[in-house]
Trainee: 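Okay, handing you the structure first.
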Amino acid sequence: MADPAVGDSSGAGSPVNFRAALRGMFGAALERLSADGIVAIAAEDLSGLLEQVRETADQKFGDYSGTMAMALAKRAGKKPRDVAIEIINRLDVGDLFEPPAEPVGPGFINVRVRDDALARAVVAAVHDARHGVAPVAVPETIVLDYSSPNVAKPMHVGHIRSTVIGDALAKILKFRGHHTITDNHLGDWGTQFGMILWGWKHCRDDARFAADPTAELGRLYRLVRKVADRKPEELAADSEAAALAQQHPEAGREVLAETARLHEGDPENRALWERFMPVCRAEIDRIYSRLHVSFDHTLGESFYQPLLGGVVADLVQKGIARESRGAIGVFLNGDDQPPLLIRKADGAFLYATTDLATIQWRLEHWKPERILYVVDHRQSQHFEQLFATARKWGAGDVELVHVAFGTVLGDDGKPFKTRSGDTVGLEALLDEGVARALGVVTAADAERGTGTAADQQRGIAEAVGIGAIKYADLSQNRTTDYVFSFDKMLQLTGNTAAYMQYAVARVEGIFAKGGIDRGQMRRECHGVLLTDPRERTLALKLLRFAETLEDVEADYRPNVLTAYLYDVAGAYSTFYDALSVLKAAGAERASRLALCDLTGQVLRKGLELLGIRMPERM
Ligand code: ARG
C-alpha cells in the first residue's frame, strides 16, 4: 500500500472541482430526502439550496459546510439537527471526502476532503494546462459591451473602470469555455460632435491641427463646451472662452443645430465627421494599447443609424411605443411614469433608440445567450427601461445584464478631479502611475545594487504602474465607489498588483535558484505528500481556482478573483516561511516543488485573466 497521502501514480487523472462535486452529492441526497417524504423539495429550489454548500470560514470545521438543513427544517416544521442527520444518512461522498459524522451546532454538515483525493487532485492540476479548471459543461455565446467611451471627448478616469472590468470579465468567461464576443459600443454620433463642428467653424487653429490633430480637437471640445454652457465660474477662469461666449450668445443652440445637421446627412458636417473620426480613434487606441486591451468589434453608435427609423416604426406598429406630445416613447409603468423616449418631437433619435437597434442587430448576427453591459451605475434606469422594452419587443430568452459599477473618488471623497477642476485625463493618469512605479523600481534597484539598464527599468515600470492602476480597480467590489490613491496602489505589501507580481517572481525564482527544469519536474510528478497542515492548506487553496472563477461569473465580480489570489499568496508565504523547499530531500522536496510550481501557475494565470502583465523582471 502506498502512503495514503501520496497521489495515485498511475496517471495524472482528471481535474477536480471539490465544491462542484460535493454539491452534486448533496443534490442526490436532497432528492432522496424529498422522495423519502422527509422534506418536500421542488426541483427549482434545488440549485439555491446547493449554493449553501460553501467553503468553511475556519478549517477546524472541515473544508466545506452544507447549511441547508436549517432552511429545510423551518419549512417542514422539524428540528434542523434531525433534518441534518437525515441528509447525512443519504449523503454518499464517494472517495473524495471523509464521510461526515454528526451535524455540528444547529445543523451544519461539515465535510473534509480526503488527503489522498487532495494529493491526486494536486497532481492532476500540476499536469493540466488549465491548472485544474475544467471548461463549463454548457458554453454560451456572451456579448460583452464595455469601455464604449464617447469619442472626441477626452477619456477620463471613469472610463478605466468599464474598460478594465469588462476586459477581465471577457478573459475569465472565455477561459471558462464560453464563446465571448467583445464589442466597444463607441459613442461616435452624439452631441459632442456638435461642439467640435461648431468649434472647427469658429475657432480652429490649423497649425495646431496639422501638428497634433488629437490635441486640437480636444482643445476645441473643452473650449466650446464652456462657451455653450455659459457657466460664469468657468468663463471667469478662461478669457478665450469668455470672449467667444460674448461674441456668440446663441452658441448653445448653434451647437445643437450642428449635431442635427450631421444627423440629417449635411454633406459638409458629414465630411468633417469622417475626417475627425480617425483622429478620435487614434486617440483612444493609444490608450487601449497601453492598457493592452483590444476588442473583437468596435461598432459605434453611428453604425446603427440606418436602422433607427425602422426600429421606431416597428415598435409603434406592434403597439409597444406611441406618440405623446409629438415625441414617441415606450410607456412601461403606466402613463404617469416617464416613458423611454425613442424619438424626440423634432424627429431626433435617442441613446435608447440606438441601444434597441443594437440589441436587434446583435441577436440577429451573433445569436447570444447573454449580453453584458459594463456601464456606470448612473445609467441603471436607462438599462432597466431598455431591457423591459426589449423583452416586450420579443428579445426572447437572451439574458440582458447591466454590470454596474460605482464612481472613482479622490482623497476628499468627491469624484476624482485635478486641481483645475477638470476630471483627470486618462492618459495623464497612466503616465503618473508609470512615473511613480519607476521611482519604486529604481529605488529597489539602487538598494539591491542590481544595476538594471534604464530602458529595462522603464519596461518594468510600465507593467508595474499600469498593473497597479488596473488591480486597484479590479480588487474593489465593483458596485461601491472607490478612492483612487497612487500611494496605496503602489505599495509592495497588501493586496496590490506589485505584491502579486512579486509573489509570482518569488515563487518562480525558486526554480532558477535550484537549477530545476520545471517541465521535467511536472512530468516526473506522480504523487505529493501533504503531511504538514501548511502544505494541505496551500494545496486546497490552489484547487479552489475553478470554484473561484465560477463565483466571478455568477456575480460578474473580478474582486472575487483578486481576493482569491491574495489568499493563495498568503497561504504560500505561510508554507514557504515555515518549511524548507530546496533544502528538503526526496519525496518531500519533490512534493513541495510541485506545490511551488502550481502556485506559480495559478497566480500567473490569475493575473493574466485580470489583464495584469508580469514584468520581465521584478
Ligand atoms: N457611450 C456611453 C457613455 O459613455 C456608454 C455606452 C454603454 N453601452 C451601451 N450599449 N449603452 O456613457
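Atoms within each ligand, like the ligands themselves, are counted from 1 in listed order. Atoms considered below: every heavy atom in the structure, side chains included; atoms not considered: hydrogens, waters and symmetry mates.
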Trainee: So that I can tick it off, tell me whether R208 and D206 are bridged by a salt bridge, with the cut-off set at under 4.0 angstrom between side-chain N and carboxylate O.
Mentor: no
Trainee: Should we say atom NZ of K201 is surrounded by more than 12 heavy atoms from elsewhere, each under 6.0 Å from it?
Mentor: yes
Trainee: Is E234 salt-bridged to K226, going by a charged N under 4.0 Å from an acidic O?
Mentor: no
Trainee: Before accepting this row, confirm whether a basic side-chain N of the pair R436/E432 lies closer than 4.0 Å to the acidic partner's carboxylate O.
Mentor: yes
Trainee: Which residue and non-hydrogen atom of the protein lie closest to atom 2 (C) of ligand 1, and at what distance in Å?
Mentor: S148 O, 3.5 Å
Trainee: What do the steps show when you test Y471 against N495 for side chain to side chain donor-acceptor pair (under 3.5 Å), and what is the final call?
Mentor: CA-CA 9 Å; Y471 194 93; N495 191 11; 2.5 Å; yes
Trainee: In terms of atom number and element, which parts of ligand 1 are under 4.0 angstrom from non-hydrogen atoms of V375?
Mentor: 7 (C)
Trainee: Which protein non-hydrogen atom lies closest to atom 12 (O) of ligand 1, naming both residue and atom, and how far is it?
Mentor: Q379 NE2, 2.9 Å
Trainee: Side chain, backbone, both or neither: which part of D355 has a heavy atom under 4.0 Å from ligand 1?
Mentor: side chain
Trainee: Would you please determine whether D145 falls within less than 4.0 Å of ligand 1 on a heavy-atom basis?
Mentor: yes
Trainee: Tell me the protein heavy atom at minimum distance from atom 6 (C) of ligand 1, and give that distance in Å.
Mentor: Y351 OH, 3.2 Å
Trainee: Using a 4.0 Å heavy-atom cut-off, say whether F383 meets ligand 1 through its side chain, its backbone, both or neither.
Mentor: side chain
